[in-house]
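Just passing along the structure, written as structure tokens.
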Amino acid sequence: MALPEPQIVRYTRWLREQRGLGFDATTHTGYEALWRWSCDDLHAFWQSIWDWFGIESPTPHETVIVDAVMPGARWFPGAQVNYARQVLRHADRAHAAGHPAIVFQNESLRERGERVELSWPELRRQAGALAAALRAMGVEPGDRVAAFLPNTPATVVAFLATASLGAVWSVCSPDMGPLAVLDRFRQIEPKVLIACDGYRYGGVDHDRLDVVASLLEGLPSVSDAVLVRNCDATADPARLAAPGRATHDFDALAAGAATVAPEWLAFDHPLWIVYSSGTTGLPKAIVHGHGGVLIEALKAGALHNNVGASVETGDRYHWYSSTGWIMWNSQLGALLGGTTVCMYDGHPGGSRALVAGPKRVVDLSTLWRFAADSGVTFFGAGAAYFASCLKAGLEPRRHADLSRLRAIGSTGSPLATDCYEWVYAQMPKVDGHDIWLDPISGGTDFAGAFVAGMVTLPVVPGEMQVRCLGAAVEAWSEPDASGRGRPLIDEVGELVCVKPMPSMPLRFWGDTDGRRYHDSYFDTYPSRDGRPAVWRHGDWIRITPRGGAIIYGRSDATINRHGIRMGTAELYRAVEALPEVLDSLVVDLEYLGRESYMPLFVVLREGLVLDDALTARMKNGIKTALSARHVPNEIFQVSAIPRTLSGKKMELPVKKLLMGTPADQVFKAGAMASAESVDWFVAFARRRGTPSG
């Protein structure tokens with residue numbers, strides 16, 4: 001299959017014709033020059049992105065960026081945009097070209113051999129009808145609309161309706177436990193909750209109406225509840241009724257006659273709140289703006305993922321995700337360019353995954369067959385999925401016609417070299433060459449990518465091809481006495497971004513003085529002696545001499561399971577709620593080329609011994625309160641948890657020890673409350689070996 005002209009080639013030709021700038025993105029040196037210009041001249045680069053994509057505003061922006069520092073940069077002041085308006089502007093042309101907005105399948109539909117397509121005009125109509133209904137409920141710009149929904153078209157409609165009004169969207173996946181959801185939604189005090197009756201996963205229907213009722217009980221700010229029937233067509237919204245709270249049926253609202261067009265909003269008007277947990281306290285409620293997310297998604301989708309910047313390309317984009325992962329938000333970004341989004345909800349191993357009697361049956365060809373049936377051109381998933389396919393000996397081409405496929409995307413954790421080889425061996429050739437493999441790495445924190453692919457350059461197994469345009473990413477050494485790091489080439493260092501990007505957080509919800517936002521990203525390399533602060537992302541990275549990048553996993557104690565970052569504090573609350581547990585510590589030993597391994601260490605009450613029954617109770621408690629992704633691989637009983645003199649759990653030193661750093665380099669006796677507490681961990685590390693051993 002012949003490839004269309006790459007988007008980056010079209011863009012650089014436009015730069016030459018319209019700006020007089022000559023860049024050749026088909027060579028490493030040419031792309032490096034383009035990248036440096038995009039970071040050195042933020043005004044010119046981001047203005048070019050605005051112009052090339054034809055972003056519309058009824059009022060002109062005064063300038064591109066004001067106060068180009070982190071945190072605090074302000075982008076495109078005076079401009080007005082709306083994420084939903086940018087999506088729906090494509091409705092007529094895309095529909096005329098014969099492209100649907102959404103192609104959807106879940107386990108139930110797959111069992112019946114069916115798919116659902118939602119046209120662009122119908123997406124516009126349903127979003128407008130639901131927006132009118134939300135407005136009738138009293139939803140105004142700035143109000144929060146929370147959702148407890150799976151990866152379905154109804155969720156996209158609900159998001160677009162919310163964004164249309166200038167209300168602020170926030171979603172949690174229905175497989176999350178009520179404690180984890182309330183830890184998030186209580187912070188933002190939503191006016192409306194849109195929730196499903198349940199979800200189907202691995203052939204099993206999970207009724208969530210009781211969970212929804214408990215969420216509503218814990219969210220007194222909710223005045224209206226909207227029920228989405230996802231599993232039970234007879235589910236009654238009245239089950240969620242309570243004094244002072246109205247209940248509604250989603251289908252009836254979305255079928256309404258009245259519609260509302262998207263409002264024009266300030267560039268930095270809040271769009272959504274997403275959550276990225278740290279090692280202490282509640283999950284961080286991160287606020288992103290309409291304009292920043294919109295312009296970053298357009299740039300990343302077209303110039304790095306090479307997904308169509310216009311409806312004429314007929315691209316079909318799939319990234320397997322739940323609503324609990326930032327890749328769900330990223331998936332929506334394809335709609336901004338008029339691209340069809342292909343969504344699958346359910347177990348990636350098929351509906352038989354958990355219901356085959358005592359023996360679990362997993363059919364990892366499920367997603368590949370969905371991709372073939374839906375005509376997917378870009379297929380993305382977490383790195384763990386590709387590793388599972390490799391280990392299972394799966395040969396996708398034996399199960400599905402993947403002839404339309406021209407790119408494979410991966411993220412969530414480092415992609416091992418043998419997975420590159422598996423992709424090349426199993427995917428069809430494109431125009432006589434290996435399919436383009438496009439691993440990326442970014443984050444929930446800024447709703448974008450720092451390192452990604454470039455279709456015009458060679459792919460080196462184990463590497464991500466380039467640093468993203470407009471992302472001034474470097475690898476830095478640990479801070480010196482002045483609080484500054486040293487840029488590194490071909491050495492592993494902290495992933496930092498030294499200049500602002502439009503999609504960086506506006507703020508954290510409830511963080512009135514900005515302290516928590518600052519401490520989350522800027523305390524390692526702070527502003528000092530007139531030098532601006534630098535964003536520290538929390539990943540180990542190596543920049544190769546050719547300009548590629550290798551991510552080696554988390555450099556801090558945050559957990560990264562199956563691509564979803566989560567805080568240790570949430571897990572501790574679930575574990576230490578058990579009366580038998582006095583203390584606990586968890587680390588995630590994600591490392592390049594190896595599966596994530598997450599051990600949990602617990603201190604029990606005197607006289608108790610960790611047995612199978614207590615282990616099962618802990619794992620079930622974590623799964624129930626949080627999610628299955630939080631469940632550790634193994635649980636170990638220890639006599640004490642290493643803590644600093646100030647009482648902080650020494651998560652990062654333990655992680656470094658188990659990753660192979662000598663004990664005398666990570667533990668300093670004078671800085672510990674109980675130096676002997678590390679002896680067990682040193683012995684454990686010796687028994688287990690290091691990631692490279």
(Q) Show, in sequence, the C-alpha distance, side-chain angles and deciding distance for W272 and F159, and conclude whether the ring pair (Phe, Tyr, Trp, His ring centres under 6.0 Å) test is met. (A) CA-CA 9 Å; W272 60 44; F159 162 68; 5.8 Å; yes

Q: Check whether the ring centres of H288 and F446 lie less than 6.0 Å apart, and answer yes or no.
A: no

Q. By side chain to side chain donor-acceptor pair (under 3.5 Å), which residues pair with T512, not counting sequence neighbours?
A. none

**Q.** Ring centroid separation F450 to H537 under 6.0 Å
**A.** yes

Q.
To the closest 0.5 Å, what do you measure between OG (S330) and CH2 (W319)?
A. 7.0 Å

(Q) Is there a side-chain contact between R617 and E580 in this structure, where contact means two heavy atoms from C-beta onward sitting under 4.5 Å apart? (A) yes

Q.
Enumerate the side chain to side chain donor-acceptor pair (under 3.5 Å) contacts for residues 168-179, please, sequence neighbours excluded, ordered by first and then second residue.
A. S170-Y275, S173-D175, D175-R629

Q: May I ask you to check whether F681 and F601 place their ring centres under 6.0 Å from each other?
A: yes

Q.
If I compare all heavy atoms of M327 with all of I440, which pair ends up nearest, and what's the gap?
A. CE-CD1, 4.4 Å

Q. Under 6.0 Å between the ring centres of Y525 and W535?
A. no

Q: Sequence neighbours left out, what passes side-chain contact (heavy atoms from CB on, under 4.5 Å) with T524? Give chain and number order.
A: P479, R536

(Q) What I want to find out is whether E576 reaches K649 closely enough, with some N-O distance under 4.0 Å, to be called a salt bridge. (A) yes

Q: Please report the closest heavy-atom contact between L364 and S388, naming both atoms and the distance.
A: CD1-O, 3.6 Å

